[in-house]
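Here the structure is laid out as structure tokens; the discussion comes afterwards.
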Amino acid sequence: MSEHVEWSEPDGPAPAAGAAVTPADAADAARLVSFGLQPKLQPARDQEYADLLRRYREDPPFARLADAVATGLGLIVLEVSPRAGMAVTAAEDSVFAVRMGDYARRTSADGGDRFLHGLAHLAVAAMAFPRPEDLADDGYIGRVSVNGVDAFVRQACRRLEERADELGENTDPATDAPGLEAAWRIWVRRSATGATKDARRLAGSTTGIVAKAVTFLTDSGFLQRTGDDHGGTYRTTARYQLQVRDMAGSAAMAELLELGVVPVTDGTPTLLPAEESDDLELVADAGLPFHSS
């Protein structure tokens, strides 16, 4: 993992002329960051990318320059390594930030759907890395499927409904209310595949929403498609592991995991029964890898 260094004027004497940053150095640093913004690009398949990564790891002044370029663009460097390349994520105020509201509006005019899209992304992350040790292990590869994620969410919905009944809570609130407690009520009312005679997957169905999520993650270099079984099967990449590590402290993901609905990790929809857990405060509109509006 790269070391983050503050970009400031040196305290000591000015560096020698030969150590001064040149326009070529700045161009190379910007080029490396641009490679990091191409998540599907693999260093092993691009010699220039590999050379710049090596320079970053072996030349501290160049590394600081590249970090400064990333910071200026509103990016956070998660890791710089041969396995992940220059893995960056957008800060909340970055022009590169993607917000759940914008993402959901591209797929549906229903404002309540943004909670379903957020829940789908949280569920993918929770299924891919259900244990802290999975996130900590650089060699761990998570596997998910579209049908498996939908089954996982429906199992979580049943657990949330049981919890609401136990607490005597209202089980039929307005569908535009924020949070998991509202999202599960919308999810269970929604058809898994759609209403067509041939049961084709519609975009507004829950498996259609999950499919949209995993397609976005695949296009973003976070997942790789591995097959067509169970509605589509996927494996995680190093970049996704780093992204989930960065967002794992969100209250929404913590609440989903604390429900105790722990899936097996081969992408099938088989789930283990839930156990009791304490309530956690939920961050409204939370969803990986998005920022709240």
D150/T206 under side-chain hydrogen bond (donor to acceptor under 3.5 Å, both in side chains): CA gap, chis, key distance, verdict: CA-CA 7 Å; D150 182 50; T206 54; 2.8 Å; yes
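Considering CD of E79 and CD of Q243, their distance stands at 13.0 Å, rounded to 0.5 Å. Atom OG1 in T236 sits 4.0 Å away from atom CZ in F129 (nearest 0.5 Å). Annotation: the span from F152 atom CZ to N147 atom CG amounts to 15.0 Å, rounded to 0.5 Å.
With sequence neighbours excluded, the residues satisfying side-chain contact (heavy atoms from CB on, under 4.5 Å) with A238 are R83, A84.
For R239 and F222, the positive end is not near the middle of the six-membered ring at less than 6.0 Å and at most 45° from its axis.
Judged purely by distance below 3.5 Å, without hydrogens or angles, the side chains of Q224 and T237 never pair a donor atom with an acceptor atom. In the model, R225 has no side-chain atom that pairs as donor or acceptor with a side-chain atom of T215 under 3.5 Å. Checking T233 against T226 by side-chain atom types alone, a donor-acceptor pair falls below 3.5 Å.
With salt bridges taken as basic N to acidic carboxylate O contacts below 4.0 Å, none links R55 and D51. Using a cutoff of 4.0 Å between basic side-chain nitrogens and carboxylate oxygens, R245 and D134 are not scored as salt-bridged. At a threshold of 4.0 Å, the pair D137-R131 does not count as salt-bridged, since none of the basic side-chain nitrogens sits closer than that to a carboxylate oxygen.
You'll find the side chain of V146 reaches within 4.5 Å of the side chain of Y234, heavy atoms only.
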